[in-house]
Protein chains: 2
Amino acid sequence: MSTEAKSCKIKEIRAIDLDRYESVSKILSALSNKTRIAIIEAAMNYGEVCACEMQHALGLPQTTITTHLRKMYDIGLLKQREVWKYSYYSVNPEYERLVSDLLDCNANVILPSDIPRSKNKAKRR
Amino acid sequence: MSTEAKSCKIKEIRAIDLDRYESVSKILSALSNKTRIAIIEAAMNYGEVCACEMQHALGLPQTTITTHLRKMYDIGLLKQREVWKYSYYSVNPEYERLVSDLLDCNANVILPSDIPRSKNKAKRR
DNA sequence: GAGTCATATCGTAATATCTTAATATAACGT
DNA sequence: ACGTTATATTAAGATATTACGATATGACTC
């Protein structure tokens, strides 16, 4: 009937190199875990956190906490300061802004998890 | 020798409820994948993207693209507009700001992947 | 009605991540 | 020297995610 909307703008979008997103995806992976978000928020709020503190605050075994801290340290999200037998971790300055932006939107985020979102074109057989 | 730095501020950090971070972690999970970041960036740049366009731009099979689109749609990150046989996806307005903030930091992010970061206190046996 | 196109769902194999016990280490107090 | 404390590493099972072939649908064209 109409001449418009009969085709998508196929190939108008030029080839995208996925490797461009390697680093962001790594950072976001590190941040896509409840426990790690909790740790990183505490690190932001308190300036730095000690591994043993997070153990108490989160009620998780020591190895679990250390593993998460290590993961964030490995990709450079956290930096480490060792004093006596304690290990203090803080958010690496270069990521402070990103992290704080992310945490800010925590309150705003409302997941439409209850809203049924299945308008299947292809019905199951 | 010194009286300072002999203890961490144990238990000063009060108990943290991990469920608080359920929604953010879901959003971040949806964003922690190269392909999905590529799709969402294209959706931001072009206003909306058609599934078949992303297929061409990314050079990935149709099912792969659809699966990723569906995932982002399911958690509410993308909204869908169906015209004829085409399916256009765009970033849900409520997430536009967050997404654009995240994409902004893509350029800035430099992963210290090459820097050796193993200062193991506990050496392997 | 057969063929095509864009899209969606299912099933599954490969891969990655999470959690945690077992274990190790370094530094301290006794 | 032994016990304790804080932390780190390794290993392994459980669980989740990813990529994608096979397949189905709906709407068009011929």
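Since the structure is predicted, the reported quantities are computational estimates derived from the model, not experimental observations. Lettering of chains follows the sequences in order, A, B, ..., and the numbering in each one begins at 1.
Rounded to whole angstrom, the span from the CD1 atom of B:Ile39 across to the P atom of D:dA19 amounts to 10 Å. Between B:His68 atom NE2 and D:dT17 atom P the separation is 12 Å, expressed in whole Å. The separation between A:Lys85 atom NZ and C:dA27 atom C1' is 8 Å, rounded to whole Å. Straight-line distance from the CG atom of B:Asp74 to the P atom of D:dT17: 12 Å, rounded to whole Å. In this structure, A:Glu82 atom CD and D:dA8 atom P are separated by 6 Å, rounded to whole Å. Here C:dT7 presents its C1' atom at 16 Å from CE of B:Met72, a figure rounded to the nearest Å. Here C:dC18 presents its C1' atom at 19 Å from OH of B:Tyr21, a figure rounded to the nearest Å. Atom CG of B:Leu78 is separated from atom P of C:dT7 by 14 Å (rounded to the nearest Å).
Annotation: the span from A:Met54 atom CE to A:Thr35 atom OG1 amounts to 9.0 Å, rounded to 0.5 Å. Going from atom CZ of A:Arg70 over to atom OG of A:Ser87 covers 9.5 Å, rounded to the nearest 0.5 Å. With values rounded to the nearest 0.5 angstrom, A:Asn45 atom CG is found 9.0 Å from B:Ile13 atom CD1. Taken from CG in A:Leu102 to CG in A:Leu31, the straight-line distance is 6.0 Å, to the nearest 0.5 Å.
For A:Thr67, the side-chain contact (heavy atoms from CB on, under 4.5 Å) criterion is met by no residue, not counting sequence neighbours. For B:Glu48, the salt bridge (Lys or Arg N to Asp or Glu O under 4.0 Å) partners two or more places apart in sequence, or in a different chain, are B:Arg81. Residues satisfying the side chain to side chain donor-acceptor pair (under 3.5 Å) test with B:Glu96, not counting sequence neighbours, are none. In terms of the salt bridge (Lys or Arg N to Asp or Glu O under 4.0 Å) criterion, B:Arg97 has no residue partners (sequence neighbours excluded).
For residues 50-61 of chain A, there are no salt bridge (charged side-chain N to carboxylate O under 4.0 Å, His left out) pairs, not counting sequence neighbours.
At D:dT18, none of the side-chain N or O atoms of B:Thr35 fall inside 4.0 Å of OP1 or OP2 (strictly under the cut-off). For the OP1/OP2 pair of C:dT9 and a distance below 4.0 Å, the side-chain nitrogens and oxygens of B:Arg70 include at least one atom meeting the criterion. Phosphate contact (OP1/OP2 of C:dT7, side-chain N/O of B:Tyr88, threshold under 4.0 Å): absent. Look at B:Gln80 and you won't find any side-chain N or O under 4.0 angstrom from OP1 or OP2 of C:dT7. In terms of phosphate contacts, B:Tyr89 brings a side-chain nitrogen or oxygen within less than 4.0 Å of OP1 or OP2 of C:dA8.
Under the 3.5 Å distance criterion, the side-chain polar atoms of B:Asn92 are left unmatched by any main-chain donor or acceptor of B:Glu94. Side-chain atoms of A:Arg36 come within 3.5 Å of backbone atoms of A:Ala30 as a donor-acceptor pair (strictly under, hydrogens ignored).
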Just the table, please: protein N/O against nucleotides 1-3 of chain C N/O, every pair under 3.5 Å.
none

Tabulate atom names and distances for all N/O pairs under 3.5 angstrom spanning the protein and nucleotides 13-17 of chain C.
none

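For residues 52-67 of chain A, proximity to DNA chain C is found at A:Leu60, A:Pro61, A:Thr63, A:Thr64, A:Thr67, defined as any non-hydrogen atom under 4.0 angstrom from a strand atom.
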Which pairs of donor and acceptor atoms, one on a side chain in residues 57-66 of chain A, lie under 3.5 Å apart (sequence neighbours left out)?
| unit_1 | atom_1 | unit_2 | atom_2 | d |
| --- | --- | --- | --- | --- |
| A:Gln62 | NE2 | A:Thr66 | OG1 | 2.8 |
| A:Thr66 | OG1 | A:Gln62 | O | 2.8 |

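In the set D:dA27, C:dC28, C:dA6, the nucleotide with an atom closest to the side chain of A:Trp84 is C:dC28.
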